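Inspection log for the structure reproduced underneath, given as structure tokens.
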Amino acid sequence: MANAGPPVSLYNTLTRRVEPLVTSEPGHVRMYVCGVTVYDLAHVGHGRMLLVFDVLARFLEWVGQRVTYVRNVTDVEDKIIHRAADAGETAAALADRMTLAFFDDMRGLGCRTPDVEPRATEHVPEMVELISRLEERGIAYRIDGDVYFNVPSFPPYGKLSNRRLEDLQAGARVEVAEQKRHPSDFVLWKGAKPGEPTWESPFGPGRPGWHIECSAMSTRYLGQPFDLHGGGEDLIFPHHENEIAQSEAASGELFARHWVHVAFLRLGEEKMSKSLGNIVTIRAALQAHSREALRLGLLQTHYRSPLEFTTVLLEEAQRTLVRLYDTLARIDATGAGASEAKDSEDAAACRAEFREALADDLNTPRALAALHDAVRAANRLLDANRTPEAVAVGAAMRDCGGVLGILQGDPEATLACWRSSRAAQAGLSDAEIQERIERRRAARTARDFKAADAIRQELADAGIDLKDSPDGTTTWTLRRG
RNA sequence: GGCGGCGUACCCAAGUGGCUAAGGGGAAGGUCUGCAAAACCUUUAUUCGCGAGUUCGAUUCUCGCCGCCGCCUCCA
């Protein structure tokens, strides 16, 4: 934990500035993140967004805040209904299946479980109540079983996305449902259609519109106003704009104080998106790369900058992790326990710089630099036989790494695991490699360096580097990169 | 058409109105080693898309241009 330091600041989409995170209750952050619509597997773009908020929640706790983290699951929506119909299953069955898959992916990514993960279908009464209130206030109106939100009756509309109603009309490319009073009006309640999930309501049978669920569920669990609302940047308009309109028009109170949006992940030159079909699912990424490499790769770029998802990115992250774990393993190998740690300038600098970087609009690349500095410091201390100080630096690395969700494994075990899995990819088993190491050892003992080097070369061709230690033992690593 | 973002070395990527433009990868040299690997040390952008302006001074502020991306429609 690291209490001392500057206040945590974040870019606020509402004010378009980086500003300190102010909470209703000092020391307690209530945050709501728009999760996913469960009609298909989550992809790495979702992963990036979810990871950013995971790190934010961990960081806030690390600096001593209490965090209440709510992340919804949208389990009733047009796409789910259509997808399910195409596949010949019920919408509920598809949604359930994908919800479980999503939870599984979050576990795979190592994301902290939110305190509440509300599902839309379990909160319809709250939504109905909110719509009723809007209707009472004359802001919502009914047409043919649908209920719409009348945008012009909420003058601040557009304050989040910096848009004016006139501009929206001018640019509208979509043909407007002619029954709406205003082209920007959006649906709160969709009248029942045959074969679709349906709930009873004062406005007749039907199902909720998309935006209303977040308004209802966020305030249900966090009150109003709550402190932080987040999601992908594509949600700024219209989703979050509409949430604000619904909640503030219904209550007359501020909805959420701080709005945080994560930039897109791109695949090639384009946004990764299901409609474009250029998708890498989280589970596919986890099959090809370690969880920590995926996390680190996605955190190497600041969350407000677009990030291109490439193999090189993840290989570099993996290389970095091997370096970090190699150093931790070196520290462990000294046999010095935590009780022998002697606080050093380097350890303190690592913690302080790491904390300051993340407090400054969650600057993960800068925080990572602090970790790199710590690695070099630790290795230098080890080279100088200043073990107690190195142990302290190692502890700082693990401590900071925990905020990013990395470096929590046992170094030797983690490295061994990565070695085996990558050796397997290279078509060699641990035993086969061990056998070659043994033959080479024999050759070296006989000072037959030619034979020894031939074996080394053979392994090198498979991407395996050998490392001889002073005590005569030989270990191996997959060549970095 | 409206709104917004980005363009920093071979690659990834922070950052700042003026002190040496972080960090990582890669590359080169060195120490160590039988040779390597790892580690450590050194080197690798007189320069921050282009042009102009503001300023004593701009990569950082303003304007214009070029290029790329996103939102304006379901989308994390």
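A note on names: the letters A, B, ... follow the listed sequences, proteins ahead of strands, and every chain is numbered from 1. If you're wondering where the values come from, they're calculated on a predicted model, not measured in any experiment.
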For a quick check, tell me whether the side chain of [X] and the base of [N] share a donor-acceptor pair closer than 3.5 Å.
| X | N | answer |
| --- | --- | --- |
| A:Arg266 | B:rG5 | no |
| A:Asp453 | B:rG34 | yes |
| A:Arg456 | B:rA36 | yes |
| A:Asp468 | B:rC35 | yes |
| A:Arg444 | B:rG34 | yes |

- Between A:Leu14, A:Asp361, A:Asn12, which is the residue that forms a side chain to side chain contact (heavy atoms under 4.5 Å, CB included) with A:Glu19? A:Asn12
Starting at atom [atom1] of [X], determine the distance to atom [atom2] of [N], rounded to an integer number of angstrom.
| X | N | atom1 | atom2 | result |
| --- | --- | --- | --- | --- |
| A:His302 | B:rG5 | NE2 | P | 14 Å |
| A:Leu235 | B:rG70 | CG | P | 16 Å |
| A:Arg441 | B:rA36 | CZ | P | 22 Å |
| A:Leu307 | B:rA76 | CG | P | 18 Å |
| A:Asn242 | B:rC71 | CG | P | 16 Å |
| A:His43 | B:rC74 | NE2 | C1' | 12 Å |
| A:Phe264 | B:rC69 | CZ | C1' | 11 Å |
| A:Leu296 | B:rG25 | CG | P | 12 Å |

Proximity to the side chain of [X] - top-ranked nucleotide from [options]:
| X | options | result |
| --- | --- | --- |
| A:Val36 | B:rA14, B:rA76, B:rA37 | B:rA76 |
| A:Asp383 | B:rA76, B:rG26, B:rC40 | B:rC40 |
| A:Arg323 | B:rA39, B:rA37, B:rA22 | B:rA39 |

For [N], does either OP1 or OP2 sit under 4.0 Å from a side-chain N or O belonging to [X]?
| X | N | answer |
| --- | --- | --- |
| A:Thr37 | B:rA76 | yes |
| A:Asn363 | B:rG15 | yes |
| A:Lys271 | B:rC71 | yes |
| A:Arg376 | B:rC41 | yes |

Would you say the ring centers of [X] and [Y] fall short of 6.0 Å from each other?
| X | Y | result |
| --- | --- | --- |
| A:Tyr32 | A:Tyr69 | no |
| A:Phe237 | A:His240 | no |
| A:Trp259 | A:Tyr11 | no |

If we take the [atom1] atom in both [N] and [M], what is their distance in whole Å?
| N | M | atom1 | answer |
| --- | --- | --- | --- |
| B:rA37 | B:rC32 | P | 15 Å |
| B:rG26 | B:rA21 | P | 24 Å |
| B:rC12 | B:rC19 | P | 26 Å |
| B:rG67 | B:rC50 | C1' | 10 Å |
| B:rU44 | B:rG7 | P | 24 Å |
| B:rU62 | B:rG25 | P | 35 Å |
| B:rA45 | B:rA27 | C1' | 15 Å |
| B:rU60 | B:rG53 | C1' | 15 Å |

Does [X] reach a base, just sugar-phosphate, or nothing at all? Heavy atoms under 4.0 Å.
| X | result |
| --- | --- |
| A:Arg440 | base |
| A:Leu382 | nothing |
| A:Glu77 | sugar-phosphate |
| A:Phe237 | sugar-phosphate |
| A:Glu316 | base |
| A:Ser161 | sugar-phosphate |
| A:Arg380 | sugar-phosphate |

May I ask you to decide whether [X] forms a salt bridge with [Y], counting only side-chain N to carboxylate O separations under 4.0 Å?
| X | Y | answer |
| --- | --- | --- |
| A:Asp465 | A:Arg419 | no |
| A:Arg71 | A:Asp115 | no |
| A:Glu196 | A:Lys190 | no |
| A:Asp468 | A:Arg444 | yes |

- Message: Is the ring pair A:His211/A:Phe186 parallel, tilted or perpendicular, if the boundaries are 30 and 60 degrees?
- Response: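 Rings of A:His211 and A:Phe186: perpendicular, as their planes differ by over 60°.
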- Item | All stems with RNA chain B, defined as three or more consecutive Watson-Crick or G-U pairs under 3.5 Å | B:1-7 with B:66-72, B:10-12 with B:23-25, B:26-31 with B:39-44, B:49-53 with B:61-65
- Message: Tell me whether A:Arg207 forms a cation-pi arrangement with A:Trp189, defined as NZ or CZ under 6.0 Å from the six-membered ring centre and within 45 degrees of its axis.
- Response: no
